[in-house]
Structure formats: structure tokens, C-alpha cells
There are 2 protein chains.
Amino acid sequence: MAQNREKLEAAAQEMVQHKGMSGLSFRTLAAEVGIKSSSVHYHFPEKSDLGSALIQRYSSEFFAQLDVIAGRDDTLNAKIKSFIDIFEEVGRQNKLCLCGMMAAEYEQLSSSNRQLLCDYFDNTEKWLIKQLEAHKEDYESTSNRKVIARMIMSSLEGALLLDRIQGGARHIGAQRGVINQIVFGR
Amino acid sequence: MAQNREKLEAAAQEMVQHKGMSGLSFRTLAAEVGIKSSSVHYHFPEKSDLGSALIQRYSSEFFAQLDVIAGRDDTLNAKIKSFIDIFEEVGRQNKLCLCGMMAAEYEQLSSSNRQLLCDYFDNTEKWLIKQLEAHKEDYESTSNRKVIARMIMSSLEGALLLDRIQGGARHIGAQRGVINQIVFGR
DNA sequence: GTGTAACTATCTATCTGTAGATAGACAAAT
DNA sequence: ATTTGTCTATCTACAGATAGATAGTTACAC
């Protein structure tokens with residue numbers, strides 16, 4: 001059944017967003033899907049192959065969402081709100097961003113995994129900068145766009161991290177207001 | 001030699017800030033200090049005991065630094081700068097905040113470890129709020145202090161996470177400017 | 001002072017469990 | 001016939017943890 005590969009990726013992604021790559025074993029993953037651990041190796045010979053697949057899967061879904069947002073005839077404000085919404089939804093499920101989680105495990109990752117992670121953050125930064133540029137007229141910050149993009153991204157990743165341990169969406173909520181204040185002045 | 005306990009804690013802290021609790025084994029830790037893994041169990045019967053000791057050790061050093069900062073006859077601006085400096089120094093060493101790292105591993109932690117982590121972030125939030133209150137006259141933000149404290153903390157934790165994978169202090173640097181902008185207006 | 005009990009800090013040796021990974025058989029689909 | 005996807009069975013490595021022995025140190029009773 002070719003759909004097992006998809007099931008494996010979905011289950012693995014869920015597990016990694018909760019417990020990290022090091023908290024995921026081939027055995028528990030296999031059990032979740034209902035096959036044997038050796039069969040998981042058929043689809044992903046090494047754990048780093050699974051890691052790569054997960055980052056790519058997560059990234060492609062994420063950037064597909066960003067494409068939709070960018071394509072809408074919306075204000076910059078609305079676009080940034082939609083961007084933050086993606087993260088808030090992750091937090092609502094008591095998960096971390098998959099790439100944020102793997103960033104914490106960075107030193108244990110293979111070099112190909114590291115590169116994919118890097119790409120995820122680089123491309124997100126680029127997307128943000130592009131939106132800020134596309135709405136020059138609304139952009140009121142005195143800081144340059146790169147700085148703003150980085151602050152948006154790192155503050156959302158951090159907010160997810162802290163909200164999970166303290167419960168609720170306190171930090172994401174705090175960031176929401178602050179990001180607006182920074183991008184649009186007051 | 002009672003100093004081995006201290007050596008173990010120091011070595012373990014270093015390892016956890018790089019690789020996380022799950023990336024640390026009693027064997028590698030013991031080897032680092034030059035004793036046997038079974039001897040580590042003498043000092044820390046279970047791994048969660050080591051975890052607790054590490055959070056407490058890290059917290060007490062951190063809050064000692066904050067005490068010094070709070071005690072100085074400085075402006076709010078200077079105090080916040082000093083606060084950020086602590087995080088920047090961690091990043092300069094390609095580490096994460098120990099508690100930030102363990103926050104990512106939250107679901108694998110014992111309940112006592114979770115509580116200690118929670119305390120660390122709660123107390124940091126309280127410290128920040130106290131400083132903002134103590135300098136009412138300089139505080140220019142329209143947001144309330146709790147929101148500002150949360151945004152400072154989560155954005156610095158996130159910045160550490162991202163700076164490590166992209167190298168340099170890009171995100172910490174971005175946060176520095178933004179935090180000022182938020183707290184003091186422009 | 002000496003003897004003894006307790007404590008500290010380590011060791012060797014070992015247990016059990018689980019990790020990732022591999023080989024080779026097998027059945028179904030193409 | 002070959003490829004695909006799964007299985008059983010197994011390997012090696014390493015995880016955390018425990019038991020029991022062994023010195024060295026300290027505390028205290030006599």
C-alpha cells in the first residue's frame with residue numbers, strides 16, 4: 001500500500017512536532033501506522049532520510065499556505081495577521097513548528113537536514129521581506145525590512161516554545177500586538 | 001572528591017545547552033569528567049535528578065545576574081540592554097538557553113522538571129515586569145507590562161534558536177532594536 | 001587514643017530495554 | 001519477470017539503571 005508512506009510521514013511529523021526527532025523511534029512510528037519497524041526502513045533507509053522528508057513536507061505545506069496569502073488582494077496588515085495565524089494554530093495544538101523543534105536539535109542533525117532547515121528559515125525571511133516590499137506604502141517602520149522579517153520569525157518561534165510550557169497563547173498573543181506596532185507604527 | 005559533582009553539573013550543562021537532555025548520556029558525561037557512568041548515578045540517581053539540578057543551577061546563576069542588573073543605578077534602557085547581553089553571550093557560544101532547550105523537550109520531561117522550567121520563565125517574566133514598573137517614567141509603550149515582558153522573553157529565546165542555525169547574531173541583533181522601539185517608542 | 005560505625009565516592013560487572021539498521025523470504029501488483 | 005511493500009529474524013550498539021565490592025574519611029563512644 002503506497003499510502004503507508006504518507007501515513008508514516010503524517011504520523012512522524014505529528015510526533016516530531018511534539019517530541020522532536022530524538023523522541024521518535026522507528027518502532028513507535030511503525031506501531032502508530034500498524035506496520036513493522038523494518039518496513040519503515042524500506043521507505044526511509046536512515047533516520048536522516050525521514051528527517052529530510054519531514055522538513056520538505058512541512059516546508060512545502062507551509063510555503064503553499066504563504067503562496068495563498070501572498071496571492072490574496074489583502075492589506076499588509078491582513079497578510080501579517082494570516083502569517084501569525086499559521087503559528088497560532090500550531091500552538092493551539094500544543095505543538096512546535098517542526099523546523100523550530102529541529103532547530104533545537106540542530107547539533108544532532110545530518111548536514112543535509114541542516115541545509116534544509118536553513119532553507120526553510122531563509123525562504124521564510126525572503127517571503128516576509130517580499131511582502132513588506134510589496135506594500136511599501138503601508139510600511140511605517142524605521143528599521144529595515146530584513147531586521148523586521150527576522151524579528152517576526154524568531155519571535156513567533158520563541159512564542160511557540162514558551163506557550164507550550166506555560167499553556168494558552170500568551171506569548172503568541174503578545175507578539176501579535178507588538179509586530180503590528182513595529183511594522184505600522186502607532 | 002566532592003568537586004566531581006560540580007564538574008558533572010558543569011559538563012552536563014554545557015552538553016545540554018548544545019545537544020539537549022536527550023543528546024546527553026550518562027556514559028559520555030562520565031567520560032567527559034573522567035569517571036564511570038555508574039558513579040554519575042551516585043550523584044544523580046535518575047536522569048531527571050540531573051535535569052532538576054541543571055535547571056536549578058542555571059536558574060540560580062541567571063537570577064543572580066539579574067539581581068546585579070536590578071541593583072545597579074541604571075536607566076531602564078541600560079537594564080534591558082544588560083538583559084539582552086546575557087542572551088547574546090549564550091548565542092555567541094553557539095548554545096541555547098538551557099531552559100529554552102529543555103522547553104523544546106518539554107513533553108519528555110518529568111513533572112518536577114516541568115515545574116522548575118515553568119518557574120524559570122515565570123520568574124523571568126516577573127523580573128521584567130518589576131523593572132518596567134520601577135521605571136514608569138521611561139516606559140512609553142501603549143501595551144501593558146505583562147505583554148511586553150512576554151514579548152521580550154519569547155523573542156530572545158526564538159532569536160537564540162534561529163541564530164544558531166544561521167550563524168552570527170542576526171536575530172538577537174534584530175530583537176535588540178525592536179525591543180527598544182517597543183519599550184521606548186521612537 | 002582506639003575501635004567501630006556510618007558516610008562518601010568510586011569501582012566492576014551486569015541487567016534489561018530499546019535504538020537504528022540489515023538480510024533474506026514472501027506475496028501482490030505491474 | 002520485476003518491482004513494490006511488507007514480513008520475520010536478527011545484529012550490534014548503547015541507553016538508563018542496579019547490585020555489590022572497595023577504599024578513604026569522618027564521627028563518636030568508650
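What you see is a predicted model, and the numbers here were worked out from it, not measured in a lab. Below, chain A is the first sequence line, B the second, and so on; all start at residue 1. Just so you know, these numbers use all the heavy atoms, side chains as well, and skip hydrogens, waters and symmetry mates.
Across all strands shown, Leu24(B) has heavy atoms under 4.0 Å from sugar-phosphate atoms exclusively, and none from any base. Residue contacts for Leu8(B): at a heavy-atom cut-off of 4.0 Å it reaches no nucleic acid atom on any strand shown.
For residues 25-39 of chain A, proximity to DNA chain C is found at Ser25(A), Phe26(A), Arg27(A), Ser38(A), defined as any non-hydrogen atom under 4.0 angstrom from a strand atom. For the segment residues 102-113 of chain B, the set of residues with a heavy atom within less than 4.0 Å of an atom of DNA chain C is empty.
No more than 12 heavy-atom neighbours from other residues, nucleotides or ligands sit within 6.0 angstrom of CD on Glu61(A).
Put simply, Tyr42(A) has a side-chain N or O that comes within less than 4.0 Å of OP1 or OP2 on dG5(D). Between Asn4(B) and the phosphate of dA9(C), there is no side-chain N or O to OP1/OP2 separation shorter than 4.0 Å.
Checked against dA9(C), dA21(C), dA17(D), the side chain of His41(A) finds its nearest nucleotide in dA21(C).
Contacts of Glu157(B) classified as side-chain hydrogen bond (donor to acceptor under 3.5 Å, both in side chains), with partners at least two apart in sequence or in another chain: none. Among residues two or more places apart in sequence or in another chain, the ring pair (Phe, Tyr, Trp, His ring centres under 6.0 Å) test is passed with Phe26(B) by His41(B). Considering only residues two or more places apart in sequence or on other chains, Gln108(A) meets the side-chain hydrogen bond (donor to acceptor under 3.5 Å, both in side chains) condition with none of them.
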*asked:* Determine whether Lys19(B) and Leu24(B) satisfy the following criterion, side chain to side chain contact (heavy atoms under 4.5 Å, CB included), listing intermediate values before the conclusion.
replied: CA-CA 7 Å; Lys19(B) 308 195 192 187; Leu24(B) 170 78; over 6 Å; no
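Atom-to-atom, CG of Asp49(B) to C1' of dG16(D) comes out at 12 Å; the value is rounded to the nearest Å. In this structure, Arg5(A) atom CZ and dT6(D) atom P are separated by 11 Å, rounded to whole Å. The distance from atom CE of Met21(B) to atom C1' of dA15(D) is 13 Å, rounded to the nearest whole Å. Whole-Å rounding puts the Lys47(B) NZ to dT18(D) C1' distance at 17 Å. Separating the NE2 atom of His43(B) from the C1' atom of dT18(D) is a distance of 16 Å, rounded to the nearest angstrom.
Below 30°, between 30° and 60°, or above 60°: for Phe62(A) and Tyr58(A) the angle between ring planes is below 30°, a parallel geometry.
Remark: Lys81(A) engages Asp85(A) in a salt bridge, criterion side-chain N to carboxylate O under 4.0 Å. With respect to Lys130(A) and Glu133(A), no salt bridge is recorded, no charged nitrogen being found less than 4.0 Å from a carboxylate O.
Between the side chain of Ser39(B) and the backbone N or O of Ile35(B) there is no donor-acceptor pair closer than 3.5 Å.
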*Contact pattern, 5' to 3', of nucleotides 25-30 of chain C - B, S or - by protein heavy atom under 4.0 Å*: ------
